[in-house]
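Structure, as structure tokens:
All values derive from a computational prediction rather than experimental measurement. Within every chain, numbering begins at 1; the chains are lettered A, B, ... in the order of the sequence lines, protein sequences first and strands thereafter.
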4 protein chains.
Amino acid sequence: MPSKKEKPTFIEEARRKQIVDAALQTIAGQGYSQTSFAEIAKSLGITKGLIAYHFKGKQDLIASVLRTIIDNQAAYLRSKLVTYESATDKLRIYIIASLEYIETNRAHFVALVDLWGSFTSPEEKRAFNKTFYGPCISQLQEIIQLGQQTGEFGPFDPKILTHILQGALDGVMLQWVFDPNVYRLTDCTDELVETFLHQVLRKS
Amino acid sequence: MPSKKEKPTFIEEARRKQIVDAALQTIAGQGYSQTSFAEIAKSLGITKGLIAYHFKGKQDLIASVLRTIIDNQAAYLRSKLVTYESATDKLRIYIIASLEYIETNRAHFVALVDLWGSFTSPEEKRAFNKTFYGPCISQLQEIIQLGQQTGEFGPFDPKILTHILQGALDGVMLQWVFDPNVYRLTDCTDELVETFLHQVLRKS
Amino acid sequence: MPSKKEKPTFIEEARRKQIVDAALQTIAGQGYSQTSFAEIAKSLGITKGLIAYHFKGKQDLIASVLRTIIDNQAAYLRSKLVTYESATDKLRIYIIASLEYIETNRAHFVALVDLWGSFTSPEEKRAFNKTFYGPCISQLQEIIQLGQQTGEFGPFDPKILTHILQGALDGVMLQWVFDPNVYRLTDCTDELVETFLHQVLRKS
Amino acid sequence: MPSKKEKPTFIEEARRKQIVDAALQTIAGQGYSQTSFAEIAKSLGITKGLIAYHFKGKQDLIASVLRTIIDNQAAYLRSKLVTYESATDKLRIYIIASLEYIETNRAHFVALVDLWGSFTSPEEKRAFNKTFYGPCISQLQEIIQLGQQTGEFGPFDPKILTHILQGALDGVMLQWVFDPNVYRLTDCTDELVETFLHQVLRKS
DNA sequence: AATGAATGAGCATTCATTCAT
DNA sequence: CATGAATGAATGCTCATTCAT
């Protein structure tokens with residue numbers, strides 16, 4: 001393990017990223033239970049000792065993988081959302097961008113679901129949930145509350161609807177991730193936008 | 001392993017069920033990665049040799065666990081659906097019963113998600129998906145198509161809506177399974193019924 | 001690991017003893033730092049998995065080794081001491097038997113010194129010391145105090161003399177254990193008996 | 001590793017000493033088995049590569065540590081002994097100084113005992129013994145033989161008594177090193193001086 | 001002189017699986 | 001039917017050592 005507090009060197013940073021990416025691909029490709037240091041190392045043509053050199057342990061490595069997945073997705077969503085003003089537009093683009101992202105980063109989602117199995121205790125699972133869901137949920141809830149403040153959206157429980165919409169997105173992505181041939185993701189996008197926009201815009 | 005073709009004895013059947021149940025609870029409680037034969041055996045007060053005797057291997061055991069989860073849920077849904085005639089009623093009860101079932105059988109869903117990690121190759125994962133989602137999806141799709149035939153429901157792509165509704169259900173259950181304190185499942189039920197009934201009943 | 005509370009089977013007990021003995025010999029022969037499960041297993045023609053099956057871990061195994069060494073020696077000394085009545089005789093036989101025991105069980109002492117290195121923290125080392133030295137010291141101190149009560153021995157600080165005599169015994173054994181050719185152990189016995197009996201018998 | 005034959009530079013010499021000292025403290029503090037290059041390097045704020053650069057290998061380093069311990073003690077004893085003329089005085093001061101040295105350099109003795117475990121083969125252990133015990137024993141034996149030549153001491157086997165006295169010293173130090181609270185080292189000093197001076201001075 | 005990236009062998013430990021009893 | 005002894009492959013991890021920079 002390199003020195004603790006000093007800023008990491010260029011080569012160090014590059015290796016870490018390389019290993020994290022390989023880990024992510026291995027998890028997505030072979031499942032978490034088959035993702036050993038040896039397997040990751042083999043896929044990179046390095047030794048497993050090198051992975052242990054760059055990461056404090058397996059937990060550290062998968063935490064980094066998780067971080068990467070979450071941060072990437074969050075950054076993508078944020079970059080899309082900033083260009084729109086109205087809550088209606090933001091909500092539409094949130095749905096579209098969420099599915100778009102998964103379509104081009106399927107491995108991320110596969111790995112994410114698999115990683116769930118790496119947390120053994122209920123406490124760890126809850127923490128994992130918070131880390132992963134937290135940012136999405138709050139981003140979405142802000143949009144919905146914005147819509148209610150501006151009067152664009154009707155009166156409904158914002159928290160419940162947030163979770164249902166996010167749930168619908170995740171559920172749809174999940175099925176597609178399980179089997180990409182089950183439907184075209186874009187067809188779902190349209191239907192989801194229609195269903196939920198219609199629902200939030202109802203005034204009575 | 002008992003003889004291949006003979007019908008299983010009573011005790012044989014009981015043991016298998018006992019072991020499958022213990023496996024399910026262990027997976028839900030400690031996670032799949034912590035679920036060894038030894039762990040299951042300990043929770044039953046038997047030896048791991050006995051588990052190996054009754055099942056061809058670990059894959060065989062978890063396949064049985066999976067079967068149990070799926071069959072139980074399917075049976076529950078079916079028993080609820082038969083008492084209703086109209087597609088609208090059937091759809092409402094499908095949503096309600098799905099969430100009801102998970103609320104009283106949370107361990108099943110926890111185990112199900114965890115078990116996803118036990119499939120290593122993409123092919124296995126796809127097969128798992130077919131086995132698990134298949135029955136739910138076709139049951140739901142039948143209801144929706146029924147509604148369109150009777151004229152209760154409006155004109156929309158039945159397949160896509162089926163997947164979106166099922167996805168919304170799964171997504172909502174998933175979040176609740178991750179953290180039971182995130183919302184009351186019944187609150188979601190109402191909102192889901194309202195959202196989707198409104199959507200399918202639209203005529204234009 | 002076999003069942004926790006039930007009495008161990010015959011074969012279980014035999015294996016454990018066999019493994020403990022092999023561990024002791026390996027430690028004495030190659031040093032603790034070279035004593036791996038693999039090494040012990042190789043010397044027995046079994047697999048290292050079997051050692052892990054019979055012992056909870058390495059700590060458990062070396063604790064058993066330690067126990068064996070200490071108990072054996074203590075039992076030997078006790079069996080010798082009971083046949084004598086007077087403190088003078090007991091003291092003489094304590095010295096003689098201590099060296100006798102080491103002469104026929106050199107490996108025990110070699111292993112004992114080596115095992116010291118297996119305890120990393122000062123607390124562990126102190127505990128080790130208590131476990132090992134405690135029984136010897138108290139046995140010896142009882143003899144000396146007996147001698148002072150019966151009037152056989154003169155007036156001196158019994159605790160200090162106990163430690164000095166035990167120290168002399170250990171030091172002499174240590175040198176001989178390091179290099180058996182340095183002197184004949186029996187020559188030391190005579191001189192030690194003479195030196196210390198003379199010392200304790202002094203009345204003024 | 002620096003060039004073989006050239007005399008070492010000032011900085012080279014300083015580094016080696018610094019590393020040897022750190023190694024000694026680490027061994028005494030955490031035990032030999034926990035003393036890795038990384039651990040020593042960390043305690044000095046340098047990299048383990050640097051240690052490998054200054055020493056041929058781990059064996060080389062611990063040999064240097066050993067040398068330091070032995071030479072320091074020998075130098076201390078010699079400096080004390082030269083100021084006395086008679087064998088009786090020399091013997092008394094040998095005992096006193098030996099215990100004095102350990103009292104102020106406890107870490108040296110702790111490390112010494114721990115280092116015993118770093119020698120794997122019986123041959124290495126014997127060599128270690130010779131290196132360590134040799135100087136002490138010959139110094140002590142010279143004193144005793146001097147006393148017999150001058151007629152101060154009585155007629156006894158000088159070799160055996162040398163070893164017994166040295167053994168007593170080591171044994172007493174060992175117990176105190178194991179647990180400094182077991183007795184005050186100075187109390188032992190007095191008793192040891194009394195016991196052994198009385199013994200060597202006996203004329204019959 | 002010194003660093004830090006990289007190696008490769010070795011470690012204790014876990015576990016599904018086999019099989020004689 | 002059931003046990004428990006035994007295996008062997010795999011896992012995460014440690015560490016002395018090497019070497020280009």
Identify the residue among R16(A), R15(A), E12(A) that makes a side chain to side chain donor-acceptor pair (under 3.5 Å) with H54(A).
E12(A)

Specify the separation, in whole Å, of atom OH of Y32(A) and atom C1' of dG12(F).
10 Å

Output the rounded distance in Å from CZ (F55(B)) to C1' (dA2(F)).
15 Å

Minimum heavy-atom distance between K58(A) and T35(A), given as atom pair plus value
NZ-O, 3.0 Å

Rounded interatomic separation in angstrom, taking CZ from R16(C) and C1' from dA5(F):
14 Å

Would you check if the side chain of Q34(B) reaches a backbone N or O of G31(B) as a donor-acceptor pair within less than 3.5 Å?
no

Sub-4.5 Å side-chain heavy-atom contact between F37(B) and I19(B)
no

Given the ring of Y53(C), does K48(B) sit roughly above its face, with NZ or CZ under 6.0 Å from the centre of the six-membered ring and within 45° of the axis?
no

Would you kindly give the CG-to-P distance between L50(D) and dT3(E), to the nearest whole Å?
5 Å

Tell me: CD of E13(D) to P of dA1(E), nearest whole Å?
11 Å

Rounded to whole Å, how long is the line connecting atom CD of Q18(A) with atom P of dA5(E)?
13 Å

So does R15(C) get a side-chain nitrogen or oxygen closer than 4.0 Å to the phosphate oxygens (OP1/OP2) of dA6(F)?
yes

Which nucleotide in the set dA1(E), dT7(E), dA5(F) lies at the smallest distance from any side-chain heavy atom of I11(C)?
dA5(F)

Check for me whether the distance between the ring centres of W116(C) and F132(C) falls short of 6.0 Å.
no

Using OP1 and OP2 only, check whether a side-chain N or O of H54(D) sits under 4.0 Å from dA2(E).
yes

Per I46(C) side chain, nearest of listed nucleotides dA5(E), dT7(E), dT7(F)
dT7(F)

Spacing of D60(B) atom CG relative to dA16(E) atom C1', expressed in whole Å:
13 Å

Output, in order, the C-alpha distance, side-chain angles, deciding distance and verdict of side chain to side chain contact (heavy atoms under 4.5 Å, CB included) for I51(C) and I40(C).
CA-CA 9 Å; I51(C) 300 177; I40(C) 299 168; 3.8 Å; yes

Does T9(C) put a side-chain nitrogen or oxygen below 4.0 Å from OP1 or OP2 of dG4(F)?
no

I'd like to know if K42(B) pairs up with E39(B) as an ion pair, taking the criterion as any Lys NZ or Arg NE/NH1/NH2 lying under 4.0 Å from an Asp or Glu carboxylate oxygen.
yes

Pi-cation contact, F119(C) with K130(C) (under 6.0 Å, within 45°)
no

Go along nucleotides 13-21 of chain F 5' to 3' and tag each nucleotide: B for a protein heavy atom under 4.0 Å from its base, S when only backbone or sugar atoms are that close, - otherwise.
BBSBBB---

Pull out every stem in DNA chain E, meaning runs of 3 or more consecutive Watson-Crick or G-U wobble pairs with both distances under 3.5 Å.
E:2-21 with F:2-21

For atom CD1 of I40(C) and atom P of dT13(E), their distance in whole Å
11 Å

